Amino acid sequence: MTIDKTFDPAAIEARWYSHWENTNGFRPERPDAEPFTIVIPPPNVTGSLHIGHALDNTLQDILVRHARLKGKDALWVVGTDHAGIATQMVVERQMNAAGEKRTDLTREQFVERVWAWKEESGGTITGQLRRLGASCDWANERFTMDPGFSRAVLKVFVDLHAKGLIYRDKRLVNWDPGLGTAISDLEVETREVQGKFYHLRYPLEDGSGFIAVATTRPETLLADMMVAVHPTDERYTAMVGKRVTLPITGRSIAIGTDEHADPELGSGAVKITPGHDFNDFEVGRRAGFAAGEMLNMLDAKARVVQVADGLIPDAYLGLSVKDARVAVVAALEEAGLLDRVEDRTIQTPYGDRSGVVIEPWLTDQWYVDAKTLAGPAIEAVRSGAIKVVPESWTKTYYNWLDNIQPWCVSRQLWWGHRIPAWFDAEGTAFVALDEAGARAQAGDDRVLTQDEDVLDTWFSSALWPFGTLGWPDETAKLAKHYPNDVLISGFDILFFWDARMIMQGLEFMGEVPFRTLYLHGLVRAPDGAKMSKSKGNTVDPLGLIDRYGADALRFTMAAMESQGRDIKLDERRVEGYRNFATKLWNAARFAQSNGIGGSTTLEPPRAEQAVNRWILGETAKTVQALDLALADLRFDEAANTVYQFVWATFCDWYLELIKPALGAEADAGAAAETRTVAGWVLDQILVMLHPFMPFITEELWHALATRDHDLIVAAWPMADARAMDPAASQEIDWTIRLVGEIRAARAELNVPPGAKLVAHVRDASEVTRARLASQAAVLARLARIEAVSFEPAVGGAAQVVVDEATFVLPLDGVIDLEAERARLAKGIAVAEKERDALAGRLGSAAFVERAKPDAVAKAREDHALRSAEADRLRAALARLG
RNA sequence: GGGCGGUUAGCUCAGCCGGUAGAGCGCCUGCUUUACACGCAGGAUGUCGGCGGUUCGAACCCGUCACCGCCCACCA
């Protein structure tokens, strides 16, 4: 098949992807091979591919394809996450747009609606992953709410409950009034907002005056239950035990002591609202209030409701927090109880999904005893059972786990795993896999109703590394592929997901979920700003694929992924790697038009020609470097290594160096050898490049030869040190340097590009003479040296020095002698500067005595070389007169 | 208040175990050359954030300061 003149990525991508998928290319049968396993961070079913996915999945695909090429039983588990809140929001939003509300439906109807939506558009992101080239095991695609996975989720809940690691508790939670559900600490983001610091006066009941308190939330006084001062604060000693009459409600509350009150802050006295502030909750508990007694003045939508003692005036009922604040402040001011108001920036909690202010709210929820689960998770990283890359994240990991709080896992939503707990009329909970189990626990036929709540999405996704492999059944797949090898994720979900997988994996499998945790950064806009839809600075990966091809996008992601850094994505970079793909395409076209096809051997072919022996050695070096980089998860280094080899070594030099050998008048034996070697090297390039650029490489693999297998399952090249040939390397290295020197001289002296020159060589060793003979055709072609003479030259000439020899290129009449003098002077200056620097170092006794012997020897050697070079250049300059 | 990362060419970034500072893009000059102008050849460009220390030798190790970014944290 003749390779087209132009490379059109779109024309080949879809074709190869479906070919691979249809021929089981992603998961060939390799029952006896060493396993290699990665699980995808399951994208939300609601999602579409954004640039962060492109990065994350490109890195995973590189590792999986590399492992597959190395002959491993490579498994990339794929699936999607039901994403409770996000998905429910999407469907609700659609309903709202159609003039409907979720609450118009029964729970069952709504959930049915979500499933229908999932069937219809849940495939968007998986289709987009295919466009990226992700070689996932689609035949076993999972979903966090599919029956098997759900079974795992319920079992984990029930087992943790049986072990006392899940319990029900009434305490303050982060309540999202926008979504009407509790959320976990992690789902709260603190923002700084401009607010006010109100200084209030609470009248003492005995009429002896006031106590001043300061607050950013005056409206909560409607549910105040005490005023606290620090036990050692002498200003208030006399007041402790007195009571104050709260403004507005007239509630009588006590002045008590608590360590929480900071004498330095405000007046030193603080109002305590146990039902609406996390600190105050603790103070209230210490003061002897049971959770059930704490006054609650807000409903689920954060509107004021009557409290238990009924003391809130009707005028306040139904107000939003914001309106209540205005009303309370106005009432206080009118009563002369507002001392003063200061401007102040306040740390305010917002829901990360809803964007509304979070209220601490007193409810019954299910909690996971995260503290207990955290111990082994900390140990797993500390002991090295899990290697975190880059390592600097371990500190953040420890810090979070060391201070971990109980994890609230119940959500007041309809979409998700319904909590397997049944309550009787008294509120006693029976936790079991199903109602029958709960009933068995209850032991009689009393009425049981299942908990209305569902589980936090992250509770289920934490089970992904083993739940997707068949757990709780002890399947062969589970035994083979757990622990996974690597988990790749953005650092933004280190706590949400990675740490919880480690906790649950250790608890239920008794073994870490993965050996290596690789955390990558965020993809940012070219100016370093965070990409967001609201800023309108997002880059659509599919648009980039349309414009430059998936291969170019993937290569960009790999080349820019250096550990521990965010990526500033500039589209020009993608363009550059599209150019690289085109370069490869054209190299293959050149090969094809010169009778170079695919190779028939895995082993490097035997070669006599120096240029061929050299490129075989360079190939082996590249394989080594690439393997090393991939083993270290240095994606940038891996990408750059292949890039340099393909473009600079193979295209710029090797293909140019072999052109003479492929010509009509060339020796037939040498030509045949060169075709064989070139074909073999090109094959290795395609294999090495395949993890990064799967589409173009598969296309060229088949275009260059008839193959009995696809590239996706070809054999990774072996880094064979025997391929290294020092003599050949030196000869080609010499050739490259000589050509480079002559080209530079010609260009700087404005010698017409087509002009053919004779090289008069001085001081040439036997080796150089032999090389000049064997490389004559190359020099003629690449440096336009039509003949070599060992006679002295006459007239004006350009001169270049390579090793021991000086090459004099007569340019009588053409040359600008001044320009050549300047050029030589520059070369002399460079050589002498380095020579003198080395001489200085060698002249220091301290260096010679204390530096490593290797370093001293190297300095001596370099000094001799530089010194000789400077002398030769000076001699050349002298000859010019 | 803690913790982490960053500061290297005009831009974006590499630089491993301390031994003569690199790449891509951009810029300048030239070029129908057995593939490729999405290309070829050549070229210019650095107080490695500041200061101090360790060392024969520091972009790299240590200390410190400055600025930028991120994460965590209950100061009402």
Side-chain angles (χ1 to χ4, degrees), chain A residues 3 5-7 190 197 213-217 220 228 260-262 264-267 269-273 277-283 346-347 360 390 392-393 395-396 399-400 403 491-492 494-495 521-522 524 526 528 530 548 552 559-560 562 564-570 572-573 575-594 628 632 634 636-637 640 643-644 651-652 655-656 659-660 662-664 739-740 743-748 750 752-754 781-782 784 833-834 837-838 841 844-852 854-856 858-859 862 866:
Chain A
I3 301 170
K5 188 159 165 48
T6 51
F7 166 51
T190 312
F197 197 39
V213 294
T215 181
T216 55
R217 299 203 56 187
T220 59
H260 167 67
D262 181 353
E264 304 293 314
L265 201 69
S267 65
V270 57
K271 64 192 269 316
I272 300 298
T273 319
D277 181 283
F278 287 102
N279 288 310
D280 292 6
F281 180 81
E282 295 304 324
V283 175
I346 312 175
Q347 310 283 324
S392 57
W393 283 105
K395 234 175 200 167
T396 308
N399 192 42
W400 185 68
N403 299 298
F491 64 72
D492 51 330
L494 173 60
F495 304 146
L522 257 46
R524 296 177 173 276
K530 201 166 172 170
Y548 303 105
M560 299 193 72
S562 57
R565 232 185 215 270
D566 286 348
I567 291 177
K568 279 179 224 166
L569 181 64
D570 189 332
R572 280 179 304 182
R573 201 68 190 260
E575 188 185 350
Y577 291 120
R578 187 272 321 264
N579 295 352
F580 175 59
T582 305
K583 184 77 181 174
L584 176 71
W585 184 267
N586 281 302
R589 267 201 329 129
F590 170 80
Q592 188 174 61
S593 66
N594 279 281
L628 206 61
D632 288 346
R634 286 302 309 254
D636 56 343
E637 232 172 75
N640 289 332
Y643 181 95
Q644 284 300 320
C651 290
D652 287 350
L655 292 184
E656 295 303 324
K659 278 178 182 175
L662 298 173
V739 168
R743 278 173 172 172
R746 295 178 63 121
E748 283 177 56
N750 291 315
R781 180 177 183 83
L782 301 185
R784 303 262 160 170
K833 188 179 160 205
E834 289 179 13
L838 288 160
R841 215 193 295 175
S844 144
F847 174 71
V848 179
E849 285 161 22
R850 308 178 73 159
K852 282 175 289 188
D854 282 358
V856 178
K858 176 82 161 56
D862 289 349
R866 285 310 188 176

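A, B, ... follow the sequence lines: proteins, then strands. Residue 1 opens every chain. Quantities reported herein were computed from a predicted structural model and do not represent experimental measurements.
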Practice prompt. Please determine if a side-chain N or O atom of A/S562 lies less than 4.0 Å away from the OP1 or OP2 oxygen of B/A14.
Written response: yes
Discussion item. Salt bridge or not between A/K852 and A/D854? Use side-chain N to carboxylate O under 4.0 Å.
Written reply: no
Item to complete: Can you figure out which of B/G6, B/U20, B/U34 approaches the side chain of A/E834 most closely?
Response: B/U20
Fill in: Aromatic ring pairing A/Y643/A/Y577, orientation class (parallel under 30°, perpendicular over 60°, tilted between)
perpendicular
Worksheet entry | Proximity to the side chain of A/R850 - top-ranked nucleotide from B/C36, B/A76, B/U55 | B/U55
Worksheet item: Does A/R572 make a side-chain donor-acceptor contact with the base of B/C25, cut-off 3.5 Å?
Response: no
Worksheet item: B/A76 base to A/Q347 side chain: any donor-acceptor pair below 3.5 Å?
Response: no
Response to the item:
A/R781 has its side chain closest, among B/U20, B/A35, B/U33, to B/U33
Discussion item. Need to verify one output field. Residue with the more 5' nearest nucleotide on RNA chain B, A/N640 or A/L655?
Written reply: A/N640
Worksheet item: Starting at NZ of A/K568 and ending at C1' of B/C68, how long is that distance when rounded to a whole Å?
Response: 10 Å
Fill in: Whole-Å distance separating the CZ atom of A/R217 from the P atom of B/C75
15 Å
Worksheet item: Between B/C75 atom P and A/I272 atom CD1, what is the distance in whole Å?
Response: 15 Å
Worksheet item: Can you tell me how far C1' of B/G15 sits from CG of A/D636, to the nearest Å?
Response: 11 Å
Practice prompt. Sort out the partner of B/G69 for me: Watson-Crick or G-U wobble, both distances under 3.5 Å, none otherwise.
Written response: B/C4
Discussion item. With a 4.0 Å limit, can you tell me whether A/K583 has a side-chain N or O closer than that to the phosphate oxygens OP1/OP2 of B/C40?
Written reply: yes
Practice prompt. Decide yes or no for A/K271 and A/D280: does some side-chain heavy atom of the first lie under 4.5 Å from some side-chain heavy atom of the second?
Written response: no
Worksheet item: Counting just side-chain N and O atoms, does A/K5 come under 4.0 Å of either OP1 or OP2 of B/A35?
Response: no
Fill in: A/T582 side-chain proximity, nearest of B/A76, B/G24, B/C38
B/C38
Discussion item. Check this for me: does any side-chain nitrogen of one of A/K659 and A/E656 sit under 4.0 Å from a carboxylate oxygen of the other?
Written reply: yes
Discussion item. Let's see if you can work this out: which of B/C75, B/C4, B/G19 has an atom nearest to the side-chain heavy atoms of A/A855?
Written reply: B/G19
Worksheet entry | Mate of B/G10 where both pairing distances stay under 3.5 Å, Watson-Crick or G-U | B/C25
Item to complete: Go through B/C4, B/G69, B/G19 for me and flag the one nearest to the A/R524 side chain.
Response: B/G69
Worksheet item: Of all the nucleotides listed (B/G42, B/C56, B/A14), which has the minimum atom distance to the side chain of A/A747?
Response: B/G42
Practice prompt. For B/C40, take OP1 and OP2 only and decide whether either is under 4.0 Å from a side-chain N or O of A/R743.
Written response: no
Worksheet item: Atom CG of A/D632 to atom P of B/A14: distance rounded to whole Å?
Response: 16 Å
Discussion item. Distance check needed: B/A73 P versus A/N399 CG, whole Å only.
Written reply: 9 Å
Worksheet item: So does A/N750 get a side-chain nitrogen or oxygen closer than 4.0 Å to the phosphate oxygens (OP1/OP2) of B/U29?
Response: no
Worksheet entry | Nearest-neighbour nucleotide for the A/Y643 side chain, B/C40, B/G42, B/G24 considered | B/G24
Fill in: Mate of B/A59 where both pairing distances stay under 3.5 Å, Watson-Crick or G-U
none
Discussion item. What's A/A261 touching, base or sugar-phosphate or nothing? Going by heavy atoms closer than 4.0 Å.
Written reply: base
Discussion item. Quick check for you: among B/G69, B/A76, B/U33, whose closest atom lies nearest to any side-chain atom of A/L265?
Written reply: B/A76
Practice prompt. Flag the pair A/K568 and A/D570 as a salt bridge only when some basic side-chain nitrogen lies within less than 4.0 angstrom of an acidic carboxylate oxygen.
Written response: no
Worksheet item: Does the side chain of A/F495 come within less than 4.5 Å of A/T396's, by heavy atoms?
Response: yes
Worksheet item: Quick one: is A/R573 getting a side-chain N or O under 4.0 Å of the B/G26 phosphate, OP1 or OP2?
Response: no
Worksheet item: Among B/U20, B/A14, B/C75, which is the nearest nucleotide to the side chain of A/R634?
Response: B/A14
